[in-house]
Amino acid sequence: MTLIAQVIVDVPSRGTDRPFDYIVPESMQGWLEVGSRVGVPFGPRTLQGFVIGLSGTSETPAAKLKALQELLDLVPPLSEELVELSEWMSAKYACHRITALQSMLPAALKGKAERYIRVAERESWVGEDSLFDATASLLTDEEEQIISHIQKQQEVRMELLSRRFGEQAHIIKSLLQRGILLESRSIRDKVQKKTVRTVSLHLPEDEIRTIIEEFPAKAKRQQEVLTYIADTGGDVPLKEIMTVLGVTASTVKALADKGYIAIMDMEVYRDPYQDRNFTPTTPFTLTDEQQQVYNSIINRINKREKGEYLIHGITGSGKTEVYLQCIQRVIEQDRQAIMLVPEIALTPQMVERFKGRFGDRVAVMHSRLSSGERYDEWRKIREGKSQVAIGARSAIFAPFSNLGLIIMDEEHETSYKQEESPKYHARDVAIHRAHQHNAVVILGSATPSLESYYAARSQANDEFMPTLLEIHGRALGSELPAVEIIDMREELKEGNRSMFSRPLHQAIEDRLEKKQQTVLLLNRRGHSTFVMCRTCGYVAECPNCDISLTYHQRSNSLRCHYCGHAEPAPQICPECGSEHIRYFGTGTQRVEEELAKLFPGIRVVRMDVDTTTQKGSHEKLLNQFRDKKADLLLGTQMVAKGLDFPDVTLVGVIAADSALHLPDFRAAEKTFQLLTQVAGRAGRHHLPGEVIVQTYNPEHYSVIHASHHDYHSFVREELKHRQILGYPPYCRLALITFSHEKLALLVRIAENYTQMIKDQASKLDWLGSLERFSNEALDVLGPVASPIPRLKNRYRFQCMIKWRGDMDVAKLAEHVAEQLQDSVRDKELLISIDVDPQVLM
DNA sequence: AGCACGCCGACT
DNA sequence: GTCGGCGTGCTC
């Protein structure tokens, strides 16, 4: 019986977003599984694809069927569970199946077809020459040279060949045409597996021992080497022998030539942490509150039942220790755990804690790893060498086979939502995966998102109703710091035009004297927010985006934080030639400058995307601060998360309102969260902490409740607003963004789309039964220009769908987008669908 | 996404 | 008369 494989090919387009059937060749049967990665012929090309199903029959006429060309991995990179997950994702987030599949794997596994050249059998050489027996003698010297080069290696990648014989490309072409050289295509991975040359015994040990005894006295070095290998028991890295015994490779090779030992390339894992020692830690004794939380969760874990928990624990309440002990239990059950943290919280401190507790069983996945390192961490999981994965968003796809626990720390963070397709939320994926595995999900935060908190409180949603667990006290018994709100309007009135209020200025001075440390938060990088000519009012704007440029002092340049555009800072106004160019607004660079002026000799560590792009720079800056080589840590929101330094007793927020006026219904929530998080950095140990918050909106409820550390009051008030305005968690949202270079066309399209959604929604047939609809509502808002109306040279319009109930709005939105794209047929038109958006840009 | 097939303008 | 423009449609 022929076996048929259903394959999703690596072409992210509408026409190819379905399985294609292929015959499974005899040689692959028994190896090929659902989840295998394969190379397939597709039209005139060779592509990578994933097997999502196997069956005995095909709908496709047998004549059209082609066979799979190659199997790319011995162990399938995807499990059946992950293949199913990709189907769920593509439906929920309106993305192509291949995009969902690809997002689960390290980039190293995105192979592309390469051309390989080999020399044909002499008999099959064609062309006029072959009429004669003496074909070979008719080859030119150059041709001979190329042929023998290829023959030596059996097969050579075309790219390498053209690099070596660049000028003779026409000769290679002619040899191919004459059938002397043959070309084939095969999928090549982006990353080479790392290998180490390793030596092992090639004969049984007792034989080797005899050989050592009877070794000719002349070859003393060889005898030493062989003894060393026998003593170690084999699989010794060649490098090690060379350094330990001080011999050269030729000595070892001589032993190999005699057939005593074998030299092989062994595949190894790159370990990004191999040069680091982690101090082992043992579980701490839990506080009563922690213990209660732990008990509720562990009960469920012990029964191997699924369940969801939302831990609301104030900053410093020791949630991490609870996580660690839960993970411990899951490992003991021979199951595995995923720990998700926001990228910026994946600090060396956090990694150290996990490595210290679980050692080599931890795989760490974050964006700073090279693609090779990333791939190896992933393989440790896939091959069962790791039981714990800690990482940012995409670690939710860690290929564990027997998941027991998924933890999502700082659950409210918007970085858990991916902004590119597939626009998934790690929380949704976590819940879906946990259901498949009967695993427990723990969401933890000092400031849970309103969605999660509401779900726990109202139990309105049958997919997700976490049990709420609260921790009110800090693990070390310290008090939450006192928060002082400074009204910057008052400061200005009283003649203080500096960015530092008098109390903040005083407090920093005080810490400098006491040799305690300060953390300063300013959620805006760069130097100044905009550059304006005071004579004519000219403002420097990005030529590609409708956004003003930010001045960066170090490079004396103007940069766009959205598209990366950079240009030299002007000395005179490009519009009117005036010299009165002024920099307005404040960024971290400017604060740094100002600090140096106001506090001579102050040692400042600045941490923002501009100072942390280099590998390891994040860690270096934090170490510098921890080792008290700096008095003050200044940064954007990356200083607000998870840092724990005992000598920090002052936290200052330069401008609490920076996010408050964004056109985002979550602005208040985000402000509250940021203030609460950063306030939690102060006074975590024995020294009491103080927080100073500067703002132009001292009466805003998010600022006031944050200053009292009062999450519940904030939530109560914010929920009221959301209900009145009709925003989540009282409904769901989908944001549809249209973009095109031509504004007029774009507006027309956006209007068409909105109308079509309204029409189709009223038709109901896609919604299912009528009675269900009566409890549901759907509303379409817009179209309007996006908050950033032009980005990377493309105009942007958006509309928003609001609805209640479990309607499949992703499908509706996608369906309409397809209709529209069919009718317009303009490749430049992009329609992006974001279900449950986190940021309304 | 590529790549081929197919129907209308400026050239040997 | 042809070479080639990119619109349209297919890829197991």
Side-chain angles (χ1 to χ4, degrees), chain A residues 1-29 31-72 76 78 83 86-87 90 93-103 105 107 109-116 158-159 173 176 183-190 420-423 739-742 745 749 792 794 814 817-833:
Chain A
M1 191 186 77
T2 53
L3 189 59
I4 305 292
Q6 280 88 52
V7 175
I8 300 290
V9 294
D10 186 11
V11 182
S13 77
R14 186 143 47 89
T16 49
D17 191 25
R18 64 185 173 87
F20 287 87
D21 287 353
Y22 287 88
I23 296 163
V24 180
E26 200 88 12
S27 60
M28 285 186 210
Q29 292 186 17
W31 291 101
L32 196 80
E33 294 173 49
V34 169
S36 287
R37 194 168 59 112
V38 290
V40 294
F42 195 69
R45 298 179 288 166
T46 300
L47 293 176
Q48 175 173 294
F50 294 94
V51 177
I52 59 153
L54 289 167
S55 64
T57 56
S58 170
E59 306 271 285
T60 310
K64 277 181 106 179
L65 287 178
K66 291 183 185 171
L68 298 175
Q69 195 176 300
E70 52 183 339
L71 177 63
L72 297 175
L78 297 159
V83 170
S86 73
E87 192 179 358
S90 63
Y93 299 109
C95 71
H96 298 128
R97 189 80 185 270
I98 191 66
T99 314
L101 287 164
Q102 217 81 255
S103 69
L105 298 173
L109 290 182
K110 191 174 162 56
K112 264 180 64 186
E114 293 266 11
R115 301 166 67 190
Y116 289 86
M158 185 61 185
E159 201 195 325
K173 212 168 165 190
L176 278 166
E183 182 191 330
S184 60
R185 275 156 204 270
S186 157
I187 304 291
R188 184 166 168 270
D189 288 346
K190 283 226 174 94
E420 308 88 57
S421 181
K423 301 191 169 191
S739 72
H740 199 282
E741 284 188 15
K742 299 197 181 78
L745 181 72
I749 287 164
K792 298 179 188 174
R794 301 170 63 87
E814 188 185 37
E818 279 173 12
Q819 285 182 344
L820 202 62
Q821 266 170 336
D822 273 345
S823 71
V824 178
R825 274 207 159 272
D826 187 336
K827 276 182 284 187
E828 294 305 311
L829 168 65
L830 292 181
I831 304 179
S832 128
I833 300 167

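No hydrogens, no waters, no symmetry mates; every other heavy atom, side chains included, goes into these values.
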Donor-acceptor under 3.5 Å (A:Thr16 side chain, A:Val11 main chain):
yes
Which part of the nucleic acid does A:Pro12 contact within heavy-atom distance under 4.0 Å: base, sugar-phosphate only, or nothing?
sugar-phosphate
How would you label the contact of A:Pro41 with the nucleic acid (heavy atoms, under 4.0 Å): base, sugar-phosphate, or nothing?
sugar-phosphate
Between P on B:dG2 and CG on A:Leu47, what's the gap in Å once rounded to a whole number?
9 Å
B:dG2 C1' sits how many Å from A:Gln48 CD, rounded?
17 Å
Expressed in angstrom and rounded to an integer, what is the separation of A:Arg14 atom CZ from B:dG2 atom C1'?
17 Å
Could you state the atom-to-atom distance from CD of A:Gln69 to P of C:dC12 in whole Å?
12 Å
Does A:Phe42 reach a base, just sugar-phosphate, or nothing at all? Heavy atoms under 4.0 Å.
base
Protein-nucleotide distance (A:Ile98, atom CD1; C:dT11, atom P), rounded to Å:
19 Å
Within the distance-only criterion (no hydrogens, no angle test), does the side chain of A:Arg794 pair as donor or acceptor with the backbone N or O of A:Glu828 below 3.5 angstrom?
yes
So, are A:Asp822 and A:Arg14 salt-bridged, with charged N and O less than 4.0 Å apart?
yes
Mind calculating the distance between CG (A:Asp10) and C1' (C:dC12) to the nearest angstrom?
16 Å
Lys/Arg N to Asp/Glu carboxylate O, A:Glu114 vs A:Lys112, below 4.0 Å:
no
Quick check against the 3.5 Å criterion: does A:Glu70 have a side-chain atom that pairs as donor or acceptor with the backbone of A:Ser186?
no
Between A:Asp17 (CG) and B:dA1 (C1'), how many Å, whole number?
13 Å
Name the pairs: protein N/O against N/O of nucleotides 3-7 of chain B, kept only if under 3.5 Å.
none

Could you tell me whether A:Asp10 and A:Arg37 make a salt bridge, using a distance below 4.0 angstrom between a side-chain N and a carboxylate O?
no
Rounded distance in Å - CZ (A:Arg97) to C1' (C:dT11)
19 Å
Would you say A:Gln102 and A:Gln48 make side-chain contact, with heavy atoms under 4.5 Å?
yes
